Amino acid sequence: MKAQSRTLLEVEGLNIRYPTPRGAVEAVRNVSFTLGREKLGIVGESGSGKTQTGRAILRLTETHARVRADKLHFDGIDLLAANEQTMRRIRGRRISMIMQDPKYSLNPVMSVGEQIAEVFRVHSGAPARKARRRAVEMLDSVRIRDPERVYRAYPHEVSGGMGQRIMIAMMMTPNPDIIIADEPTSALDVTVQLQVLALLDDMVSDNGMGLIFISHDLELVASFCDRVVVMYAGQVVEVVDAGALHQARHPYTRGLLNCLPRIGTHGRDLPVLQRRSSWAAGISPRNRHA
Amino acid sequence: MTFPALRGAREYLLSGAPRSALQARCQRVWFSWRTFSANPVAVAGLLIVLALVSAAVIAPWITGSDGLDPELSRRLLPPSAAHWFGTDELGRDIYDRIIWGARITLYIVTLVGAIVVPIGLLIGTIAGYVGGIVDTVLMRITDIFLAFPRLILALALVAALGPGIENAVIAIALTTWSPYARIARAEALTLRGSEFILAARAQGASTGGILLRHITPLCVSSVIVRLTLDMAGIILTAAGLGFLGLGAQPPTPEWGAMISTGRQFLLDQWWVPTIPGIAIFIVSLGFNLLGDGLRDVMDPRHNA
Amino acid sequence: MPERAEAESGSGPTPLSALSTVAGSLLTIASTFIGLTAVTFVIGRVMPVDPVLAIVGDRASQDVYDRVFLELGLDRPLYEQYWRYLMQLFRGDFGTSIMTAQPVLQDLIRFFPATLELATLATLVGVLAGVPLGVVAAVRQGRLTDHLVRIFGLFGYSVPIFWLGMVALLIFYGALGWLPGPGRIEVYYDGIVAPVTGFIVIDAAYAGEWEIVRNALSHLVLPVAILSTYALAYIARMTRSFMLDQLRQEYMLTARVKGLSERAVIWRHAFRNVLVQLITIIGLTYASLLEGSVLTETIFAWPGIGQYITHSLFNSDMNAVLGGTIVVGISFVGINMLSDLLYKMVDPRARA
Amino acid sequence: MLRINKTQMGLAAALAATLAWNAPAVAATPKDTLIMARDIGDIITFDPAEAFEFTTGELLTNIYDRLLMHEPDNLQELVGGVAESWEISDGGKTITFKIRPGLTFHSGNPVTADDVTFSLRRVVKLNKTPVFILSQFGWNADNVDDLVQTVDGRTRITVTEDLSPGLVLNALSATVGSVLDEKLVREHEQDGDLGYEWLKSNSAASGPYRLITWKANELVTLEAFPDYRHGAPATRRVIMRHVAESSAQRLLLEKGDIDIARGLTPDQVQGLANNPDVAVDDNPKSDIVYMAVNAEHPVLGKPEVWQALRHLADYSGMTSSFLNGQFKVHQSFWPSGLWAALDDNPFALDVDKARRILADAGVGGLEITLDTLNLEPYPRIAQSLQATMRQAGIEMDILTADGKTLWPKYRARRHDIILARWAPDYLDPHSNADSFAHNPDNRAEAKLTGKLAWRNAWADDDVNRQTEMARNALDLDERKDMYLQLQGMIQDRSPFVVMFQRNEQTARRSNVRGFVSGPNFDLVFYRNTTK
Amino acid sequence: MLDVRQLHVYFGRGAARNHAVRGISFSVSRGGCFGLVGESGSGKSTVLKAICGLAPNWHGSLHLAQTALTQKRGLDFCRRVQMVFQDPYGSLHPRHTIDQILAEPLRIHRFDDIKTRIIRALEEVGLDLTFRFRYPHQLSGGQRQRVAVARALVTNPEVVLLDEPTSALDVSVQAEVLNLLARLRRERNLTYVLVSHDLSVVAHMCDRLAVMQHGRIVESLDIDKLHNQRPSHPYTRQLLLASRGYDRKTIDAFKDFD
């Protein structure tokens, strides 16, 4: 286990722009945070730039996006300056990512096992049989009952919860340092969602990884993560410790927390978040609904 | 002096809050045009098609004759200043015939579109939306037409209806509708379960109303795109029928027939079959380019 | 809401569903067959060509005409003629062609292989060249390669095939003399090799006549090149379009996240999905070429099925037309079924 | 970019490989084989009792010897083929044929009078299209066994109608006069069909060539018969190759892949002028091109209109341009160069005269359709006619069709004007007179569909009488005068406008010699051809 | 107002037949709001489809204001019972302007004064008139859902079926839409049937709710009972626990109710 530095990832002044025929769209503006071996939540409404931030770390934003940063360092490597080959070695092997819906993020015509074995083979050069064994082990480790059978199954044959476990197994296989989980459970039912999160939690803490958990669900992030980055319109509005979320000071964070319906709110109107233009100062108006 | 007017037009087209249905529609068209015109290849295609249309419209003013009457004293003259594309085996000016032939090509294109699109949409949307036994029966019929040798069917129909450009086009149309029905059906199938269709049903809209007002407009674009992409093939098939002597009758300046009768001159008077060949090529290319461009505009799945 | 299928619940086809699939395909073949023959029969009746005159010729006297009319059974109602034909077919008898004086079956055995070899080679060339071009164009979307592939594709799509054929013949045979002229083989080689498969190349190779093999192959080059222009254009274009769709899918991101090389991402992940859709397209292309390209066959004096059917049609030789249509229709259905089968092999989603 | 180049290079390499590989194969055709290109799509049978197509007419001439025939060294004279001599008796009603001794069929069987008798009876019994040539003698299936008999090793035929013996002999020189090998035919007989099924694609003959293969729309192969009565043919093998495209024929000829091209257009022939390897022969043929008007049409039925139409064809304009060299102006129904032909061409394009005639007849604003074949040069002639007719105020639409579509319409009298061709069935003026002039029953129910006069709903008592007189006349000179007169009558008063006579331009490699193409479609002889 | 007894709903035919709802019963009084909670595939949306006639293959009894409903629903029924769908992106026709979308039900039910009604409907859901001629793609998710609500209410229905009306929206927008729905119900005395996978939303909106699983109702309870943490069925209790967020310790106690 490597633990030379507490900080795995440093992001400073990250900007992502998309040139469009009607001027550039600023998807992410001046975002900074650091990640150690911890669970860091990034929270925001749709279009707040949280997904873009996650992808920029792996340098997988769309080709026409312009990514700039004062600093984007992982384990001493400048991710913006690294060549494609270095990036390929980092991707999967050291930084991995779990996407929202296994229905779309698994290759529909490859068997589940093949897809898991593939990532292992790419990074270890192991022979097929060994990769297969490893894949079955991984399926077992995400508490799939009949791993041999699921190994042969195809993505459309598995439920959403199982699909996401497979995804986790796949991304955990090379034992990376950082996992970026982009809304990994929002396509799942509540109880399954929590079970999958528990699994992710266990794996991350057992292996001492860093986790970036991207979600729109403030309550969930608060109860799951160690620290929370709150994003609004491409910017970080606040970074708070998860335990102290309910003492958050920014009106946006507070507004988000208050407007949630609860079992006790029956019969009353919910407080509505009043947006202020100052939160997104300097951001082109078009971006607000993007 | 036109600046305020221009600015007004700009505002009218770009305002986020259109004030009338007309303005909303104009905006949509304008937006599509913006996307389309950003693609130079597609614009080239449009220009070719427009050139075809304008040649057809202004033919009487840009030609010296109607290209029909033989003038046996000036047979097979090579291209020159007097006859830009030379003359054919009966001494007619090939340039004049090409220009007048644009009308026929345009006629073919329009007529096929006017037959194929409604048939394809009707059968496809009904099959896809209604489903069940109706779908099975309609698709079986479609499959039979799909499995039938296309040119053979067209030949048989032309032979039955009698040679001539209308009949050739009708024959082509009756043999080409089946893929359109399939496309429309596929679209209707995906739309059938979509929530806005459910919403319309929940409001009490009738099946006919849903087909006409909700499903058909959404299938039209993919059918139209496919049509423009197929248009080249249709022109070529019409030309092929002309080549086999079943299309336009002499002395009609149909391009395919011109190649057909001119093909024996390929060795010594190359221009006689080659000029109409190039004309067909350019127009087909135009429709293909246009179709590619339209696909990008109309079919959101193909937007990069 | 339909329930999600669970891996545990088992997803293999049950014996019952397999049976119903077989029954379904039989039904498809049967209905296509009935539909094809019925349509052809009606066509034969509405055609202004007189089958009797096709036999007796222009100058026959009326009593000869009347006798042949009765001999052909044309006085019977159409449905009865159709029924008789079907019954005859069930005995394996396609009837005799008027135009060739041979049993239609024998004609088909002669003409269909000629088309089959053209279509197969043209499709093969189309696939081998078109698929890589399409993939490369999609991957380099918007760049020079893409534009070149598209323009080349559009060329193949837009150029009148009969004109191209004539020009090609003129250049490669007439002017340059690199390739032989029209026909399947030089006529003086005719009759040397006994037809076994109907494919001259194979038959000659089997007989050890290498001179003839060489000659037949060289005759194939031009028509195959002309036909494959279209196949290639179509396949390249569809491949590009399918590939563009796949490149936008989220599993592509997954593949990249896994640290795969770009080549693996494209060929192992995206292309396997493209293949699924391509099978149908290739099947359709092949089937449409199997119809026999009447125009190409005319230009290259190729005795193929397209020419056979057309010629018979113009002479109202309905036994021949029906036989040809059945062969083309059945091969169309057959190819469709084959591509469905391949589809199921390649796409696990279609297996359920 | 790179990939395209690779593909192109690959293609080029493949081409080059084929080229190098194929080099020895692009050589001249084999020395002992004559290869001819022609459209052979019309062949449907090789049975002389049924075949009536242009291509089979020619091929059967080279396969079967007929009872009487023309020989390539003297095309004008009718001589004995299988018959050594014949005697006419009983006032021209009975003819007895003595058979040449020592002749054999391809099978090795001797040629006897029984074979001749069998062959003639067979034609009548099978009752196929060309039977009318023999049935005009008064023969039918019931009486033919009595009227055609072998007597003392000779074949004796009896004609019951009043016919000129010259006509009878000329008729027997048609394909139906081919002599079949009875023994061989009987071997292949099925269910008493007189060998009908087998003979469709086989031969049982004694002529210079034997039919080896017929592949419909591909080729016909003939092989020399070494024991032919004039000696073995000069070329061992003749292949007639199906090439429908005239430009392809020209390419093949210039490249030396065929020896003779049989379907070049005038312009293509002109294009060959500078090629020293190719020579072109002129062979006047007896095909004529005519325009005919349906006399049932309310306006077109007027004889004045027919008169006007005769002045509305640009005869010389066409023969000096797109028909140049392959058609000459000829305006009577019996072709020039044959016995009793009228070489008088009284009509020329005269729009004013035509307009005057039409005006006098009160005809104006005429809108009609012209049906014609979709083969060159008919659509071109039609377009020229269309232009000249428009000058006279007649709007004419052109409808081209395949013969198979056109003939039913013609035979049902559903045309306005038709532009078509005609070739005699045998070289006797009656062959054409019977069709153009003779119509004894003009009622629709009569269905004399074989006669052009009936098809155009035209009957004229004087003309009918003249035709019959000419047919039956015994004296040759008298007969000739009658035909000359008849041709004049048709020029004057019929709805037929005969315009052109064909001249076949046969293009051959210059080393090919001895190919004979006579005045009728079936007078083409291969056996002296060398190269 | 709405009475459902022993409702069974099926999808598909033959071997592929799917028994989606297996005999459920509930009733809602006029002006009431009834909630159905369950996970995906539990059959809760199917119940709504059967009520409004979009799932024709059902048996059992359905009564709307004492009138029994048959397989085929008349125009009048469609006017009285309306539905709001889950996905604001999918439930509006992409090529129709808001004006056309709102005009369609009015046209079908032959209302006059269409323009005034559209303007009033837009005002009621809090959209100003600049939205009238826009296309759905020019609207945000919340705005679209307001349009969907306006469309459902424009014909003055009595019963509104809400199928996960806020699950595709951001929480801040969800609050606005929920407030809007609550206000409209108060003002017009509407009867709601609300389907959601989110227990908090149902608890916030409804007076009474039922928990569904595998096509059956496992428990039916008043909101007070839920409020007092006294659901009797273990599945309901688990849902209640899960709605409180992530707690590593409780999760191991979760049962898979497959």
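Note on naming: letters A, B, ... go to the chains in the order of the sequence lines (proteins, then strands), and numbering restarts at 1 for each one. Quick caveat, the model's predicted, so the values are computed rather than measured.
- Contact of E/R107 with chain B is made through the side chain alone, with heavy-atom distances under 4.5 Å.
- Other residues, nucleotides and ligands contribute more than 12 heavy atoms inside 6.0 Å of the CZ atom of B/R140.
- Of all the listed residues (E/L92, E/L129, E/L75), the one sharing the greatest number of non-hydrogen pairs under 4.5 Å with chain B is E/L92.
- Interface residue E/R134: backbone and side-chain heavy atoms are both found under 4.5 Å from chain B.
- Listed here is the closest heavy atom pair of E/F85 and B/E195: CB-OE1, 3.1 Å.
- Between the side chain of E/R95 and the backbone N or O of B/H214 there is no donor-acceptor pair closer than 3.5 Å.
- You'll find the side chain of E/P136 stays beyond 4.5 Å of the side chain of B/F196, heavy atoms only.
- Looking at E/D99, neither its backbone nor its side chain comes within 4.5 Å of chain B, counting heavy atoms on both sides.
- Of the listed residues E/E104, E/R132, E/Q138, the one with more heavy-atom pairs under 4.5 angstrom with chain B than any other is E/E104.
- Here the shortest heavy-atom pairing between E/T97 and B/A24 reads CG2-CB, 3.8 Å.
- For chain E, the nearby part of B/R28 is the side chain; its heavy atoms alone come within less than 4.5 Å.
- The environment of CD in E/Q66 is sparse: at most 12 heavy-atom neighbours from other residues, nucleotides or ligands sit within 6.0 Å.
- Neither the backbone nor the side chain of E/F131 comes within contact range of chain B, judged by heavy atoms closer than 4.5 Å.
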Q: Please lay out, stage by stage, how E/H93 and B/L218 fare under the test side chain to side chain contact (heavy atoms under 4.5 Å, CB included).
A: CA-CA 9 Å; E/H93 194 287; B/L218 289 174; 3.5 Å; yes

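- Using a 4.5 Å heavy-atom threshold, the side chains of E/R73 and B/R201 count as separate.
- At a threshold of 4.5 Å between non-hydrogen side-chain atoms, the residues E/M83 and B/L198 do not count as touching.
- Note: B/A205 leads B/A205, B/S206, B/P217 in heavy-atom pairs under 4.5 Å with chain E.
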Q: Check the pair E/F133 / B/Q23 against side chain to side chain contact (heavy atoms under 4.5 Å, CB included), numbers first and verdict last.
A: CA-CA 8 Å; E/F133 293 107; B/Q23 189 182 358; over 6 Å; no

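- In terms of heavy-atom pairs under 4.5 angstrom with chain B, the leader among E/A152, E/G74, E/P94, E/G53 is E/P94.
- By number of non-hydrogen pairs under 4.5 angstrom with chain E, the leading residue of B/G209, B/S194, B/A21 is B/A21.
- In this structure, the side chain of B/Q203 does not engage the main chain of E/C78 through any donor-acceptor pair within 3.5 Å.
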